[in-house]
Amino acid sequence: MRRVVIVGYGMAGARLADELRRRDQDISITIIGSEPHAAYNRVLLSTVVAGTMTPESTRLHDDRWAAEHNIDLRLGQTISEIDRASRTVDGIPYDALVLATGSTPWVPPAEGLVEDGKLAPGVVAFRTLDDCAEIEAKAKKGMPVVVLGGGLLGIEAARGLAGRGCLVTVVHPVGHLMERQLDPGAGGVLARTLGQLGIEFKLNSLAAKYLPGDGLILDDGTHVPAELVVVSAGVRAETSLAVKAGLEVDRGILVDDALRTSDPRIHAIGDCAQHPGTVSGLVQPAWDQAAVLADRLTGANPAARYRGTSVVTRLKARDVDLAALGDVHTDVDCQDAEVLCFQEPSRGRYAKLVLRDDRVAGAIVLGAPDAAATITQLYDRGIPAPTDRLALLLGRALPAEAASPADLPSSAVICRCNTVSKGQIVSAWRSGAETLPQLAEATRATTGCGGCKDAVCGLLDWLGASQPASA
Ligand SMILES: Cc1cc2nc3c(=O)[nH]c(=O)nc-3n(C[C@H](O)[C@H](O)[C@H](O)COP(=O)(O)OP(=O)(O)OC[C@H]3O[C@@H](n4cnc5c(N)ncnc54)[C@H](O)[C@@H]3O)c2cc1C
């Protein structure tokens with residue numbers, strides 16, 4: 001029997017164990033995780049900070065999961081060494097080893113943020129359930145809080161804290177927010193919208209010095225009051241085990257299309273892995289990689305290859321609807337693409353669409369959920385955009401082929417927070433989950449940001465109209 005050992009019980013490691021067991025009842029699976037908790041959906045942590053979800057409801061597995069699936073799960077244990085010659089990790093033997101060690105928060109080099117190798121009192125990272133518990137315990141109504149970093153996670157943290165009544169300032173080193181996913185125009189509209197929700201911004205600013213209990217001094221000398229500093233300034237792939245074992249590492253652990261590292265018995269998936277052409281730091285690539293690797297390790301499909309993932313990013317922040325996908329940085333005057341842009345800052349709306357060969361190559365849709373839903377469908381399915389581009393941008397175009405749930409492929413992702421596909425919803429419905437709450441319970445769809453509720457209701461209507469539940 002093959003022994004698969006997975007280091008890291010986060011979103012990638014947990015998914016891989018599920019995928020392996022689904023394909024093979026006998027393969028030996030050991031999974032070791034540093035955190036003391038069962039794996040949870042890290043994507044939903046901002047909803048925990050916002051107080052709209054409990055830590056318990058983010059869990060990916062319940063307490064019985066390991067025993068029921070015959071998995072040797074070791075929580076609260078950090079692997080310190082891979083012995084490639086004896087094929088063991090801290091003495092645990094493997095035939096195939098999978099590194100799913102994720103990433104760790106990057107802390108800006110401001111004086112005083114770190115003390116004796118640890119975050120100083122009053123400074124908290126935003127990566128784990130324990131970080132959320134610390135933020136929840138410390139953040140009080142009316143308290144001045146600084147969030148370091150105006151990327152996706154920083155904005156989600158800021159919105160959650162503002163919702164709790166904190167006086168939030170976001171300090172961001174770039175001239176506009178979420179520069180990975182947004183162009184300057186969209187970043188500006190987003191800042192304005194969030195400003196109306198009480199959040200302040202210091203853009204083009206670096207934290208220079210942290211004064212505990214008092215605040216931050218920025219690089220231009222400005223003082224920003226803060227009794228709590230939340231660090232959300234980016235992540236670094238956790239590669240220390242791989243480096244120590246002599247595997248090839250760049251920004252992440254280098255892997256090929258078979259998700260093999262430079263040692264063919266060792267694989268890497270998720271945030272810690274660096275695959276050519278893949279955007280790291282997002283869950284969809286991690287879960288796609290888990291499926292490919294499970295196919296290979298169980299022999300279900302030894303030829304399976306990972307070729308990259310088209311990523312759609314959604315901001316999970318109350319009162320702000322934002323989706324970004326594909327190539328968003330192409331300018332309106334670009335010659336080899338059709339680029340359309342519409343903005344209405346006073347109503348918090350911004351839409352940009354990049355089309356190549358009549359298909360959606362990229363988009364930013366802020367404050368227009370209907371347009372976001374249609375454009376995302378067109379992008380996911382690679383079908384031609386309707387000729388009435390303006391209607392599409394304004395959310396008034398529903399091309400027949402994109403509108404009908406019947407035409408969506410089974411693999412189409414409906415709930416992005418929980419990565420629930422149409423196929424999973426259909427099979428849950430066939431197993432008796434015929435109402436929205438029952439479907440949410442069975443699949444977790446709609447339990448994240450809630451942005452997929454209309455799509456799930458559309459599927460429910462379609463299922464109800466097209467076939468009896470027991471069919
Ligand atoms: C607040 C927040 C919001 C996010 N929102 C989104 C989003 O909207 N969309 C999106 O796509 N992505 C989002 N992400 C990113 C997403 O969560 C990650 O891409 C995903 O968690 C990667 O999964 P992973 O398993 O590779 O890493 P992780 O989930 O970080 O898991 C790695 C695990 O390995 C453990 N580990 C590390 N080293 C060892 C060791 N030596 N021994 C044992 N265990 C070890 C760690 O403790 C950790 O539990 C968000 C992240 C955060 C923090």
Side-chain angles (χ1 to χ4, degrees), residues 11 14-15 17-19 21-23 37-69 71 129 132 283-284 287-288 290-291 312 314-319 321 323 369-370 372-374 376-377 380-381 398 402-471:
M11 297 193 75
R15 177 57 74 110
D18 283 333
E19 299 277 1
R21 190 49 88 230
R22 194 170 300 144
R23 288 164 179 76
H37 317 280
Y40 50 90
N41 187 341
R42 209 173 290 283
V43 168
L44 298 177
L45 289 187
S46 35
T47 57
V48 174
V49 167
T52 52
M53 279 186 94
T54 61
E56 189 62 21
S57 56
T58 65
R59 286 180 70 153
L60 294 172
H61 294 142
D62 63 25
D63 290 336
R64 298 180 307 273
W65 171 80
E68 282 175 0
H69 293 85
I71 286 169
L129 261 183
C132 287
V283 70
Q284 190 63 48
W287 284 3
D288 289 350
V312 177
R314 282 196 84 94
L315 184 73
K316 295 170 299 304
R318 191 154 50 88
D319 306 316
D321 194 281
D370 291 344
T374 310
T376 304
Q377 262 193 51
D380 278 344
R381 300 176 59 198
L398 277 181
S404 168
D407 294 318
L408 283 176
S410 173
S411 58
V413 179
I414 306 297
C415 170
R416 290 196 178 271
C417 296
N418 292 291
T419 315
V420 184
S421 65
K422 171 188 163 185
Q424 287 167 289
I425 290 176
V426 170
S427 77
W429 186 85
R430 288 193 176 136
S431 307
E434 292 175 53
T435 63
L436 190 61
Q438 287 168 344
L439 262 187
E441 165 94 28
T443 66
R444 292 174 183 257
T446 72
T447 62
C449 68
C452 62
K453 215 171 193 169
D454 288 349
V456 175
C457 288
L459 273 173
L460 268 179
D461 292 346
W462 165 70
L463 283 165
S466 59
Q467 43 200 313
S470 54

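The shown structure was predicted, so the numbers you read here are calculated from the model rather than taken from an experiment.
Atom CG of L463 is separated from atom NZ of K422 by 8.0 Å, given to the nearest 0.5 angstrom. One finds the CZ atom of R42 at 9.5 Å from the OG1 atom of T58 (value rounded to the nearest 0.5 Å). From T443, atom OG1 reaches atom CD of Q424 across 7.5 Å, with rounding to the nearest 0.5 Å. Atom CZ of residue R314 and atom SG of residue C452 lie 8.5 Å apart, to the nearest 0.5 angstrom. How far NE2 of H61 is from CD of E68: 11.0 Å, rounded to the nearest 0.5 Å. A distance of 9.5 Å separates CG in L129 from CD in E56, rounded to the nearest 0.5 Å.
Checked by atom type and distance alone, the side chain of R15 never pairs as donor or acceptor with a backbone atom of A290 at under 3.5 Å. When atom types are taken as modelled, the side chain of R59 and the backbone of P55 share no donor-acceptor pair closer than 3.5 angstrom. W429 places no side-chain N or O within donor-acceptor distance of the main-chain N or O of G464, the cut-off being under 3.5 Å. A distance-only check finds a donor-acceptor pair linking the side chain of T52 to the backbone of T47 [under 3.5 Å].
Of the candidates V413, L439, T446, I425, V420 forms a side-chain contact (heavy atoms from CB on, under 4.5 Å) with just one, namely I425.
No side-chain heavy atom of Q284 sits under 4.5 Å from any side-chain heavy atom of V312. For the pair W65 and L60, the minimum side-chain heavy-atom distance is 4.5 Å or more.
Heavy-atom minimum distance, K453 versus L436: CE-CD2, 3.8 Å. Across all their heavy atoms, R21 and H69 have their closest contact at NE-O, 2.7 Å.
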